[in-house]
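Notes to accompany the following structure.
In this text the structure is predicted, and so the values were computed from the model without any measurement.
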Amino acid sequence: TPDESVGISLLKDSLGYEYYLPRIDKVVIGVNGEISVIKGVSSDDPKVPINVEDAMDIATIELPAYLYNTDDAVIKVVDNRETLVNLRIE
């Protein structure tokens, strides 16, 4: 019937789907010693977020699209030894 076809058409137009996207977060330490997490933007091709001023990178955390197990998050620790040596020299 015509009424049913209109209902189906409306239903088709309003259907959608959602899915999770991967994200990269950054862990930093500020000059005051406070540790914070800078959340990245979820994307098909996520990028590392921009660092805040007066903060040193500690690690990046790569979060997959569907994180069922925390072991699936990839944590990469930043080696700041060279940075610290340069700071002491200056």
Side-chain angles (χ1 to χ4, degrees):
T1 65
D3 291 336
E4 287 178 10
S5 65
V6 170
I8 291 171
S9 176
L10 290 173
L11 183 61
K12 255 178 33 182
D13 292 340
S14 66
L15 283 179
Y17 62 93
E18 293 181 8
Y19 60 97
Y20 294 100
L21 295 170
R23 184 180 82 211
I24 300 175
D25 294 345
K26 185 187 288 190
V27 181
V28 298
I29 186 167
V31 292
N32 60 356
E34 185 175 324
I35 295 175
S36 57
V37 176
I38 303 170
K39 285 189 174 182
V41 177
S42 297
S43 168
D44 286 323
D45 184 26
K47 307 287 185 225
V48 177
I50 297 172
N51 202 353
V52 293
E53 192 173 323
D54 295 332
M56 183 170 61
D57 295 359
I58 296 176
T60 57
I61 305 170
E62 297 177 10
L63 303 164
Y66 291 90
L67 183 63
Y68 297 113
N69 185 341
T70 55
D71 290 337
D72 294 336
V74 177
I75 300 172
K76 296 180 180 176
V77 178
V78 177
D79 183 1
N80 287 307
R81 288 180 284 191
E82 186 175 318
T83 302
L84 292 174
V85 168
N86 289 337
L87 288 174
R88 288 187 188 128
I89 293 173
E90 292 177 4

Sequence neighbours left out, what pairs pass side chain to side chain donor-acceptor pair (under 3.5 Å) with at least one residue falling in residues 24-34? Arg23-Asp25

Between Ala73 and Pro64 the two heavy atoms that sit nearest each other are CA-CD, 4.3 Å

Residues in side chain to side chain donor-acceptor pair (under 3.5 Å) with Asp45, at least two apart? Lys47

Nearest heavy-atom contact between Val41 and Pro46 is O-CB, 4.2 Å

Who passes salt bridge (Lys or Arg N to Asp or Glu O under 4.0 Å) against Lys76, sequence neighbours left out? Glu62

Can you name the side-chain contact (heavy atoms from CB on, under 4.5 Å) partners of Ile35, sequence neighbours left out? Val27, Ile29, Ile58

Side chain to side chain donor-acceptor pair (under 3.5 Å) partners of Asp72, counting only residues at least two apart: none

Quick check on the hydrophobic clustering: are Tyr68 and Tyr20 connected, directly or via other members, by side-chain heavy-atom contacts under 4.5 Å? yes

Nearest 0.5 Å please: distance from the CD1 atom of Ile38 over to the CG atom of Asn51. 5.0 Å

Co-membership, hydrophobic cluster, residues Met56 and Val37, 4.5 Å side-chain: yes

Closest approach of Ile75 to Ala59 (non-hydrogen atoms, all atoms of both residues): CG2-CB, 4.3 Å

Co-members of Val78 in a cluster of I, L, V, M, F, W and Y side chains, linked at under 4.5 Å: none

Say you draw a straight line from OG1 of Thr70 to CG of Leu63; how long is it, rounded to the nearest 0.5 Å? 10.5 Å

